[in-house]
Visitor: 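Questions regarding the structure given below will be posed in turn.
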Amino acid sequence: MTDNTAHHRVIVIGGGNGGISIAARLRNAGVDDIAIVEPREEHLYKPLFSHVAGGTAPASITVRPQRDVMPKGVRWIQDAVASVQPESDAVLLEGGDRLTYDQLVVCPGIQLDWDRVPGLVDALRTPSAASHYEFELAKKASSLLRDVKEGTVVFTQPDGPASCAGAAQKPMYQACDYWRATGVLDAIRVVMVVPTRTPFLAPFDRELERKIAEYEIELRTQSVLLRVDADAQEVVLGGPDGPEHLHYDVLNVEPPQSAPDWLKASSLAVPGVSGGFVEVDPRTLRHPRFPNVWALGDAAATTNSKCGGALRKQTWVAAKNIKKVLRGKEPTARYDGYAVCPFTVSRSTVVWAEFDDQGRQKPTIPFFTRMYRESRLSWLFDRHVLPWVYWNLILTGRV
């Protein structure tokens with residue numbers, strides 16, 4: 001073993017929601033010698049980014065120092081992954097170090113591919129375009145949406161896998177509610193672009209369609225953003241009737257997404273499938289070809305919708321299974337495909353969408369199926385209770 005090589009019983013790639021949570025769960029279960037590879041110095045609570053863009057939360061409450069959320073007894077390796085070599089149980093870091101492991105957990109999150117839409121990067125440098133998928137751009141979106149008084153505002157959702165894809169709609173509903181309250185909604189043309197046939201999923205479409213009609217939003221279904229002309233402030237949309245050229249005064253984009261490039265280049269990815277996501281058993285979260293590798297969250301090729309609510313259950317399952325494997329037993333815990341998307345359909349109400357990987361309604365409280373209806377209580381839970389739960393319970397592996 002060379003001087004720049006270190007071995008750990010468990011290595012976790014990624015210090016976001018999934019990485020911190022599963023490391024904390026493993027430590028709580030008595031597993032030692034855990035290392036987390038994470039280059040960032042700040043930890044972000046991304047579910048609030050749509051509230052930031054919609055003007056219902058300050059950006060400052062979404063960020064904390066990464067060192068403050070690291071579980072006690074876990075080594076933080078502040079470096080980025082260059083490559084993974086599962087054939088030799090090794091991870092190579094950009095700084096030149098080599099790590100080896102008994103068990104590897106891959107949860108680096110998802111990559112935002114801004115350059116996949118021609119002209120989008122240039123547009124984001126102008127005062128008229130933003131996104132709530134990055135911290136600084138979410139702050140920019142907040143001021144843009146607040147200050148518009150007339151014109152055309154376009155919101156877009158990409159085709160393909162994305163982290164909480166439905167979040168593309170959340171700032172739009174909050175902005176519409178604000179514009180109505182300030183008396184300018186009638187002067188604003190709002191266009192929402194989605195790649196699906198309906199706004200979201202069948203169990204929840206009726207509620208969303210009611211809000212879309214209420215705000216007089218123009219919904220472009222089965223459509224995607226093809227390119228942006230920043231100078232002309234024009235987008236080209238691709239839909240069932242061919243390309244549509246549309247001028248915008250404000251553009252808010254959810255970018256195309258994929259697995260990090262180093263994952264795409266690794267043998268962990270699903271063979272022959274684009275996107276580069278890690279191949280796993282969608283129930284045990286174990287890699288079928290490398291049994292000491294596990295993946296969860298946005299980087300895993302699971303069948304569920306990618307979201308933080310799915311991660312909470314996935315970290316519980318993966319931690320249980322890894323603990324068993326470390327004891328020489330077979331994994332038995334199974335993930336049920338649960339996901340959740342709280343749609344902020346106004347500045348004070350939420351449609352709480354809970355569903356499984358077949359698109360069927362799956363309420364946490366089985367007898368309370370009406371949670372999918374627009375609710376003030378759900379908004380309070382999403383905006384105020386969940387952030388507290390995240391920082392104090394989820395990241396500490398307690399729920």
Side-chain angles (χ1 to χ4, degrees), residues 44 46 48-59 62 112-159 162-195 212 215-221 223-239 243-257 344 346-347:
L44 300 169
K46 295 181 179 180
L48 272 184
F49 281 12
S50 58
H51 282 278
V52 172
T56 55
T62 69
L112 304 180
D113 296 328
W114 303 101
D115 57 357
R116 277 172 52 190
V117 177
L120 178 56
V121 173
D122 291 335
L124 290 171
R125 296 191 183 109
T126 72
S128 303
S131 172
H132 57 291
Y133 269 69
E134 282 192 355
F135 181 74
E136 292 297 332
L137 290 174
K139 292 194 294 182
K140 180 183 179 183
S142 178
S143 60
L144 272 178
L145 297 174
R146 179 196 63 213
D147 294 342
V148 66
K149 299 295 188 291
E150 61 181 359
T152 299
V153 183
V154 179
F155 297 83
T156 71
Q157 176 183 328
D159 195 9
S163 181
C164 198
Q169 301 177 42
K170 297 180 184 182
M172 174 185 68
Y173 297 124
Q174 294 176 80
C176 285
D177 191 28
Y178 174 76
W179 294 329
R180 181 173 59 185
T182 54
V184 299
L185 180 59
D186 289 344
I188 299 174
R189 180 189 185 190
V190 183
V191 180
M192 179 69 224
V193 182
V194 298
I212 288 169
Y215 296 130
E216 298 185 350
I217 296 166
E218 297 179 25
L219 182 65
R220 302 288 196 275
T221 58
S223 301
V224 293
L225 178 64
L226 295 179
R227 62 181 180 273
V228 185
D229 185 331
D231 293 332
Q233 289 185 215
E234 181 183 81
V235 293
V236 180
L237 309 177
E244 176 186 4
H245 294 251
L246 187 64
H247 171 82
Y248 66 85
D249 294 282
V250 173
L251 173 65
N252 191 80
V253 176
E254 178 183 339
Q257 297 162 52
T344 46
S346 77
R347 292 170 64 83

Visitor: Once rounded to the nearest 0.5 Å, what's the spacing between atom CD of Glu218 and atom CD1 of Ile212?
Guide: 12.0 Å

Visitor: Output the distance between atom NZ (Lys46) and atom OG (Ser163), rounded to the nearest 0.5 Å.
Guide: 7.0 Å

Visitor: Under 3.5 Å, is there a donor-acceptor pair linking the side chains of Trp114 and Gln257?
Guide: no

Visitor: Is it true that the side chains of Glu234 and His245 contain a donor and an acceptor less than 3.5 Å apart?
Guide: yes

Visitor: Taking atom types as modelled, is there a side-chain donor on Thr56 or His51 under 3.5 Å from an acceptor on the other?
Guide: yes

Visitor: Answer yes or no: is there a side-chain heavy-atom contact under 4.5 Å between Val117 and Val228?
Guide: yes

Visitor: Go through the steps for Asp177 and Tyr215 under the test side-chain contact (heavy atoms from CB on, under 4.5 Å), then give the verdict.
Guide: CA-CA 8 Å; Asp177 191 28; Tyr215 296 130; 3.7 Å; yes

Visitor: Atom CG in Asp249, atom CD1 in Ile188: separation rounded to 0.5 Å?
Guide: 9.0 Å

Visitor: Could you walk me through whether Glu216 and Arg189 pass the salt bridge (charged side-chain N to carboxylate O under 4.0 Å, His left out) check?
Guide: CA-CA 8 Å; Glu216 298 185 350; Arg189 180 189 185 190; over 6 Å; no

Visitor: We want to know whether Glu254 and Tyr133 form a side-chain donor-acceptor pair, criterion being a heavy-atom distance below 3.5 angstrom.
Guide: yes

Visitor: Side chains of Gln174 and Tyr178: any donor to acceptor distance under 3.5 Å?
Guide: no

Visitor: Tell me whether His247 contacts the main-chain N or O of Thr152 through its side chain, where contact means a donor paired with an acceptor under 3.5 Å.
Guide: no

Visitor: Ignoring hydrogens, what is the shortest heavy-atom contact between Lys140 and Ala129? Give both atom names and the distance.
Guide: NZ-O, 2.7 Å

Visitor: Find the distance between OG (Ser223) and CG (Asp159) and round it off to the nearest 0.5 Å.
Guide: 10.5 Å

Visitor: Take Ile217 and Met172, measure what side-chain contact (heavy atoms from CB on, under 4.5 Å) needs, and give me the verdict at the end.
Guide: CA-CA 9 Å; Ile217 296 166; Met172 174 185 68; 3.8 Å; yes

